[in-house]
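Report on one structure; see the data block that follows.
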Amino acid sequence: MSSLVNASHLQLTAFVLGTVGWILCTISMGMVEWRVWHVDNTSIISSGIAWVGIWKVCFISYLHVSPGYREQFCHKFGGYESFVPHEIYAAQGLLLIAMFVGLLGLAATIFALRNVYMGITHRTLIAPFFLVGGFFYIFAGLCVLIPVSWNFYSVTHNRSIAFPPSYYMPSSPVAQEAGPAIPVGIVAVILLLLSGTFSLSYRFPGTANTITKS
């Protein structure tokens, strides 16, 4: 049993990194601050700043609000709406896939670690699950990398979005910058890829090929 545990320290680290990466992926998906738009018309967007996420767009407005107070207005949108750009549509789908696949990777790693620490020495109940977990982590990391990179590219090229009039948003900002959701997603990618690499590096100890008897 000690040889199994000693050979699995890196995979335990992979589980921790994968858990944090999966949590950050989920946080990034729910954040609205993917793109920060600076607009020159402050008649409705009073602060001059709007936040564009992958599920909704929000801004602060003092319109129809008592003096000294402000209100945040948000408009939700789905990928089926024609004005949604391809990079946001892709982010919606790929991040949902990443969250689901990452969860499968965590489940596979938990099962393998459980067998290790319970002293179960069946090779087929440990090594394959570490490998499967590693592939899931890497696949989840790539699913996060694509939308994060694509949206960052759109930010750096100041790409516009043709919002409908009811959103009270201009089609193009004066300038835009990457919001906190993008660096959070980048950290999630790094942790998930590291976790997958560590899981795939597992080597079953040669001394643990036989089944121990209780």
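All values derive from a computational prediction rather than experimental measurement. Below, all heavy atoms of this structure are taken into account, side chains as well, without hydrogens, waters or symmetry copies.
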Minimum-distance pair of heavy atoms, taken over all atoms of [X] and [Y]:
X      : Y      : value
Ala178 : Val155 : N-CG1, 3.3 Å
Leu193 : Gly141 : CD2-CA, 4.3 Å
Leu145 : Val189 : N-CG2, 3.5 Å
Asn151 : Ala91  : ND2-CB, 4.0 Å
Ser201 : Leu10  : OG-CD2, 3.3 Å
Ala98  : Trp22  : O-CD1, 4.3 Å

From [X] [atom1] over to [Y] [atom2], what is the distance, rounded to the nearest 0.5 angstrom?
X     : Y      : atom1 : atom2 : value
Ile44 : Ser46  : CD1   : OG    : 8.5 Å
Ile54 : Ile88  : CD1   : CD1   : 8.0 Å
Glu81 : Phe163 : CD    : CZ    : 10.5 Å
Phe59 : Ser47  : CZ    : OG    : 9.0 Å
Leu17 : Thr109 : CG    : OG1   : 11.0 Å

Any side-chain heavy-atom pair of [X] and [Y] under 4.5 Å:
X      : Y      : result
Leu95  : Cys25  : yes
Val144 : Ile186 : no
Ile60  : Ile45  : no
Trp55  : Met29  : yes
Leu12  : Leu113 : yes
Met31  : Pro180 : yes

Among all residues two or more places apart in sequence or in another chain, which pass the side-chain contact (heavy atoms from CB on, under 4.5 Å) test with [X]?
X      : answer
Ile110 : Phe15
Ala14  : Ser195, Phe198, Ser199
Val187 : Leu24, Leu191
Val36  : His38, Ile49, Trp51, Glu177

Hydrophobic cluster membership, with links at side-chain heavy-atom distances under 4.5 Å among I/L/V/M/F/W/Y: are [X] and [Y] in one?
X      : Y      : value
Ile27  : Met99  : yes
Val184 : Ile146 : no
Val101 : Ile190 : no
Leu192 : Leu103 : yes
Val39  : Phe83  : yes

Where at least one partner belongs to residues 127-141, residue pairs that pass salt bridge (charged side-chain N to carboxylate O under 4.0 Å, His left out), sequence neighbours excluded: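 Qualifying pairs, neighbours excluded: none.
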Salt bridge (charged side-chain N to carboxylate O under 4.0 Å, His left out): pairs with one or both residues in residues 91-120, sequence neighbours excluded: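 Listed by first then second residue: nothing to list.
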Who are the side-chain hydrogen bond (donor to acceptor under 3.5 Å, both in side chains) partners of [X], not counting sequence neighbours?
X      : answer
Ser28  : none
Ser154 : Glu87
Trp37  : Gln176

Quick one: side chains of residues 125-133, donor-acceptor pairs under 3.5 Å with protein atoms, not counting sequence neighbours, listed by atom name and distance.
none

side-chain contact (heavy atoms from CB on, under 4.5 Å) evaluation trace for Leu200 with Ile138: CA-CA 10 Å; Leu200 292 176; Ile138 290 176; 3.5 Å; yes
Sequence neighbours excluded, every pair satisfying ring pair (Phe, Tyr, Trp, His ring centres under 6.0 Å) that has a member inside residues 135-154: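 Of all non-adjacent pairs touching residues 135-154, those that pass ring pair (Phe, Tyr, Trp, His ring centres under 6.0 Å) are Tyr153-His157.
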Using residues 167-175 as the side-chain source, report each donor-acceptor pair under 3.5 Å to any protein atom, sequence neighbours left out, with the distance given to one decimal.
unit_1 : atom_1 : unit_2 : atom_2 : d
Tyr167 : OH     : Lys76  : O      : 3.1

Neighbour count >12 (heavy atoms, 6.0 Å) for atom CZ, Phe100: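 Result for CZ/Phe100: open.
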